[in-house]
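A short worksheet on the structure shown next.
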Amino acid sequence: DHFFSSDEWTTDESSSSESRETKSMEENQKHHQEQQESWKQQQSSSEEQRRSEKTQRSSEEQRRRSSQQESQESQQPSSGSESREVSEDILEQDAEELRRRLKRPIRVRYVRGRVKRIEAEKDDPEWSVNIKRGPLQML
């Protein structure tokens, strides 16, 4: 029979405690790694789902555009020159409308060389006022 001295007992107890702490730390690290892997898998799954949804929306958008294009083509005249003439007329009408809107007057208030206020007619669209504002800000 061997009896341990208090020094030997303490040493054995501390090594046992260290062993338990090491195992506990290893378990914590393993658990932490598992959590990280789980989180990465969830992130990856979410990313794949977002990509899939984006691809699906893109495909739906392409089908919709294709359908609209086919519908427009079926409504256009069969002759290519006639459709160009119609298209040019529409573009000319749009351009004339843009010119008419941009020719509308505005009132500008400058204070110390800076534009402080721009007043436009009530029915002058915001885009028209903003286009006029650009060059004025550069003065």
Side-chain angles (χ1 to χ4, degrees):
D1 291 337
H2 176 53
F3 291 99
F4 293 105
S5 68
S6 63
D7 290 339
E8 289 176 326
W9 182 258
T10 306
T11 303
D12 285 345
E13 189 176 288
S14 66
S15 67
S16 174
S17 173
E18 286 175 7
S19 174
R20 282 193 305 261
E21 287 177 12
T22 304
K23 285 181 183 178
S24 177
M25 287 174 55
E26 288 172 356
E27 288 173 358
N28 284 340
Q29 286 176 343
K30 184 178 179 181
H31 180 70
H32 181 70
Q33 287 174 345
E34 289 172 353
Q35 283 180 331
Q36 283 182 330
E37 288 175 17
S38 173
W39 182 79
K40 286 178 184 178
Q41 287 174 349
Q42 289 173 351
Q43 291 294 96
S44 176
S45 175
S46 295
E47 184 72 25
E48 288 175 21
Q49 185 177 3
R50 281 192 293 268
R51 273 189 244 134
S52 173
E53 289 171 354
K54 185 177 180 180
T55 302
Q56 185 179 5
R57 283 192 305 268
S58 176
S59 296
E60 289 172 358
E61 180 69 20
Q62 286 176 343
R63 280 191 296 257
R64 187 181 60 77
R65 285 182 185 164
S66 177
S67 173
Q68 285 177 345
Q69 193 174 27
E70 289 172 4
S71 173
Q72 288 174 350
E73 288 173 358
S74 68
Q75 294 174 357
Q76 290 180 349
S78 59
S79 168
S81 62
E82 287 179 22
S83 67
R84 265 188 250 121
E85 289 173 9
V86 170
S87 167
E88 288 173 4
D89 288 343
I90 291 172
L91 289 176
E92 187 58 38
Q93 289 171 356
D94 289 343
E96 186 57 40
E97 175 67 16
L98 292 173
R99 277 189 222 101
R100 188 177 65 74
R101 299 276 184 158
L102 291 171
K103 285 182 181 181
R104 289 185 168 175
I106 58 171
R107 178 176 288 166
V108 180
R109 182 170 183 204
Y110 280 99
V111 175
R112 296 183 188 158
R114 292 184 145 296
V115 175
K116 289 296 179 181
R117 185 176 184 164
I118 296 178
E119 295 176 8
E121 296 175 2
K122 287 181 181 179
D123 60 338
D124 199 2
E126 187 176 355
W127 62 263
S128 174
V129 176
N130 287 336
I131 288 174
K132 295 169 191 174
R133 181 187 318 260
L136 292 170
Q137 292 287 353
M138 295 181 354
L139 296 178

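Numbers for residues simply follow the sequence, beginning at 1.
Between the side chain of Arg104 and the backbone N or O of Asp123 there is at least one donor-acceptor pair closer than 3.5 Å.
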Audit row: Glu119, Arg117, salt bridge (charged side-chain N to carboxylate O under 4.0 Å, His left out) steps and yes/no: CA-CA 7 Å; Glu119 295 176 8; Arg117 185 176 184 164; 3.3 Å; yes
Go through the steps for Glu48 and Arg51 under the test salt bridge (charged side-chain N to carboxylate O under 4.0 Å, His left out), then give the verdict. CA-CA 5 Å; Glu48 288 175 21; Arg51 273 189 244 134; 5.7 Å; no
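With rounding to the nearest 0.5 angstrom, the CG atom of Leu91 is 13.5 Å from the CD atom of Glu96. For the atom pair OG1 of Thr55 and CD of Glu60, the computed distance is 11.0 Å after rounding to the nearest 0.5 Å. Distance CD1/Ile131 to CG/Leu136: 12.5 Å, rounded to 0.5 Å. For the atom pair Glu53 CD and Gln49 CD, the distance stands at 5.0 Å (nearest 0.5 Å).
When the shell of 6.0 Å around CZ of Arg64 is examined, it contains more than 12 heavy atoms from other residues, nucleotides or ligands. Other residues, nucleotides and ligands place more than 12 heavy atoms under 6.0 Å from the CZ atom of Arg99. Counting non-hydrogen atoms of other residues, nucleotides and ligands closer than 6.0 Å to CZ of Arg100 gives a total above 12. No more than 12 heavy atoms of other residues, nucleotides or ligands lie within 6.0 Å of CD in Glu126, so this atom counts as exposed by the packing criterion.
Summarising the geometry of Glu121 relative to Pro105, their closest heavy-atom pair is OE2-CD, 3.7 Å, with the distance given to 0.1 Å. Between Asp124 and Lys132, the shortest heavy-atom contact is OD2-NZ, 3.0 Å. In plain terms, the two heavy atoms of Pro125 and Arg101 that are nearest each other are CD-NH1, 3.2 Å.
For the residue pair Glu27 and His31, no side-chain donor N or O sits within less than 3.5 Å of a side-chain acceptor on the partner.
Cluster membership for Val115 and Val111, using ILVMFWY side-chain heavy atoms within less than 4.5 angstrom, is not shared. Placement of Leu98 and Val129 in two distinct hydrophobic clusters is found when ILVMFWY residues are connected by side-chain heavy-atom separations under 4.5 Å, directly or transitively.
Here the rule is side chain to side chain donor-acceptor pair (under 3.5 Å) with Gln36, and of His32, Lys40, Gln33 only His32 fits it.
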